[in-house]
Visitor: 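Dumping the structure here so I can ask a few things about it.
Values below: every heavy atom of this structure, side chains too, minus hydrogens, waters and symmetry copies. What you see is a predicted model; the values in this text were computed from it and never measured.
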Amino acid sequence: MPESPRPPQDDHGSWTRRQFLAAGGVVATGALAGCSGLPGTGPRTLDTVVHENSEDELSWDFPGQSDAESIGYVEIRRKPQFDSEGSIPSLWFTFNASIDPSSSYKLDQFTATFATPNTYFDQHGQLTYLVSPPTRSDSFNTYYQRAWGGTTHRQFVMDMDDIGLDGTTQFPFVIRDPQALPSTLQCSFSVQATESGTFGETVTASDSGTFEFD
């Protein structure tokens with residue numbers, strides 16, 4: 001297997017954890033995920049910690065059993081692109097689901113949901129979402145589901161399973177509306193990862209938040 005390229009350095013010449021994961025994701029290759037642990041045991045739920053909540057990024061870390069260990073992170077980041085010349089105003093984002101290659105875990109599956117606030121939906125209706133699927137996207141799906149019972153307001157859902165990768169799974173998505181773009185998105189995610197080895201455990205993490213990007 002070819003070696004990973006040197007990850008990018010920050011201004012002080014050191015390698016940040018997130019830069020390393022992003023670099024590792026470029027050359028991530030498929031591999032068989034380990035077994036889910038001892039028979040009769042279910043997945044272990046990881047705690048999540050908000051890493052950043054700003055107008056540029058909403059992200060979470062999901063740590064392991066110790067404070068020093070972090071298995072991975074999920075990141076939703078706004079891209080500095082705005083299609084003001086097009087017929088329909090658009091905003092660009094990237095979604096990252098990352099597993100630390102040094103953790104011995106591989107990403108099995110993820111689900112991400114996005115919805116506009118009720119106030120936006122009441123005034124402008126349903127938003128349009130466009131997605132560029134990630135590499136190895138045979139199991140990648142997008143669909144809508146009702147945000148709440150008894151309403152026509154829908155969440156946009158992206159999910160992918162049978163991944164079996166460490167490093168970063170990253171892809172762009174776009175929101176569009178001919179009248180007015182929202183200034184926030186209600187976001188949630190869930191991920192599952194499995195540790196390599198005969199008795200490797202399966203872990204899950206999930207969280208939600210509001211991305212205020214304007």
Visitor: Any idea which heavy atoms bring A193 and I99 closest together, and the distance?
Guide: CB-CD1, 4.1 Å
Visitor: Atom CD of Q109 and atom CG of D159: how far apart are they, to the nearest 0.5 Å?
Guide: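 With rounding to 0.5 Å, CD (Q109) is 8.5 Å from CG (D159).
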Visitor: To check you understand the geometry: which heavy-atom pair defines the closest contact between F114 and C187, and what is its length?
Guide: CD2-SG, 3.7 Å
Visitor: Report the C-alpha distance between F189 and I76 in whole Å, list the side-chain angles of each, state the deciding distance to 0.1 Å, and finish with yes or no for side chain to side chain contact (heavy atoms under 4.5 Å, CB included).
Guide: CA-CA 10 Å; F189 78 90; I76 304 160; over 6 Å; no
Visitor: Without swapping roles, check the side chain of D100 against the backbone of S102 for a donor-acceptor pair under 3.5 Å.
Guide: yes
Visitor: Determine, for F213 and R78, whether the Lys NZ or Arg CZ falls below 6.0 Å from the six-membered ring centre while staying within 45 degrees of the axis.
Guide: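 Output no; distance or angle outside limits.
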Visitor: Indicate the atoms forming the closest heavy-atom contact of L181 with Y120, along with that distance.
Guide: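 Closest heavy-atom pair between L181 and Y120: C-CE1, 3.8 Å.
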Visitor: Going through the distances and angles, do H51 and W60 end up as a side chain to side chain contact (heavy atoms under 4.5 Å, CB included)?
Guide: CA-CA 5 Å; H51 178 84; W60 300 265; over 6 Å; no
Visitor: Ignoring hydrogens, what is the shortest heavy-atom contact between P101 and G167? Give both atom names and the distance.
Guide: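 Where P101 meets G167 most closely, the heavy atoms are CG-N, 4.1 Å.
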Visitor: Take R154 and F121 through the side chain to side chain contact (heavy atoms under 4.5 Å, CB included) test and state the conclusion after the steps.
Guide: CA-CA 9 Å; R154 297 178 298 169; F121 177 77; over 6 Å; no
Visitor: Using the side chain to side chain contact (heavy atoms under 4.5 Å, CB included) rule, take T111 and V157 through it: C-alpha gap first, then chi angles, then the decisive distance, then the call.
Guide: CA-CA 7 Å; T111 300; V157 184; 3.8 Å; yes
Visitor: When you check the side-chain N and O atoms of S196 and S104, is any donor under 3.5 Å from an acceptor?
Guide: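 No, no side-chain donor-acceptor pair sits under 3.5 Å.
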Visitor: Flag yes if more than 12 heavy atoms outside Q126 fall under 6.0 Å of its CD atom; otherwise flag no.
Guide: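 More than 12 within 6.0 Å, yes.
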Visitor: Which one of T168, T169, I71, D166 satisfies the side-chain contact (heavy atoms from CB on, under 4.5 Å) criterion with L107?
Guide: T169
Visitor: Atom CD of E75 and atom CG of D61: how far apart are they, to the nearest 0.5 Å?
Guide: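 Answer rounded to 0.5 Å: 10.0 Å.
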Visitor: What is the distance from atom CG of L58 to atom CG of L185, rounded to the nearest 0.5 Å?
Guide: 10.0 Å
Visitor: Might you work through the side-chain hydrogen bond (donor to acceptor under 3.5 Å, both in side chains) test for T94 and R77, ending with a clear yes or no?
Guide: CA-CA 5 Å; T94 55; R77 173 173 283 274; 5.6 Å; no
Visitor: For F95, run the ring pair (Phe, Tyr, Trp, His ring centres under 6.0 Å) check against F140, F110, F173, F211 and tell me which one passes.
Guide: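 With F95 as partner, ring pair (Phe, Tyr, Trp, His ring centres under 6.0 Å) holds for just one option, F110.
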Visitor: Rounded at 0.5 Å granularity, tell me how far OG1 in T194 sits from CG in D108.
Guide: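 Answer for the OG1-CG pair, T194 versus D108, is 3.0 Å.
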Visitor: Nearest 0.5 angstrom please: T128 OG1 to R176 CZ, how far?
Guide: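 So the gap between those two atoms works out to 7.5 Å.
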Visitor: T204 and side-chain contact (heavy atoms from CB on, under 4.5 Å): which partner among T45, V191, L46?
Guide: T45
Visitor: Would the distance check show the side chain of S139 and the main-chain N or O of D161 forming a donor-acceptor pair, the cut-off being under 3.5 Å?
Guide: yes
Visitor: Return the minimal non-hydrogen interatomic distance between E201 and Y105, and the atom names on each side.
Guide: OE2-OH, 2.6 Å
Visitor: Do any N or O atoms from the side chain of H153 and from the backbone of T116 form a donor-acceptor pair under 3.5 angstrom?
Guide: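 Present.
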Visitor: One pair to check against ring-ring contact (aromatic ring centres under 6.0 Å, His included): F62 and Y73. What are the steps and the verdict?
Guide: CA-CA 6 Å; F62 32 98; Y73 70 90; 7.9 Å; no
Visitor: Taking all non-hydrogen atoms of both residues into account, name the closest pair between D47 and P63 and its distance.
Guide: O-CD, 2.8 Å
Visitor: Between M158 and Y144, is there a shared hydrophobic cluster once you connect ILVMFWY residues whose side-chain heavy atoms come closer than 4.5 Å?
Guide: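 Same hydrophobic cluster.
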Visitor: At what distance, to the nearest 0.5 angstrom, does CD1 of I88 lie from CG of D177?
Guide: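 The distance works out to 8.5 Å.
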Visitor: Out of Q145, R146, Q186, which residue meets the side chain to side chain donor-acceptor pair (under 3.5 Å) rule with Q155?
Guide: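 Result for side chain to side chain donor-acceptor pair (under 3.5 Å) with Q155: Q145.
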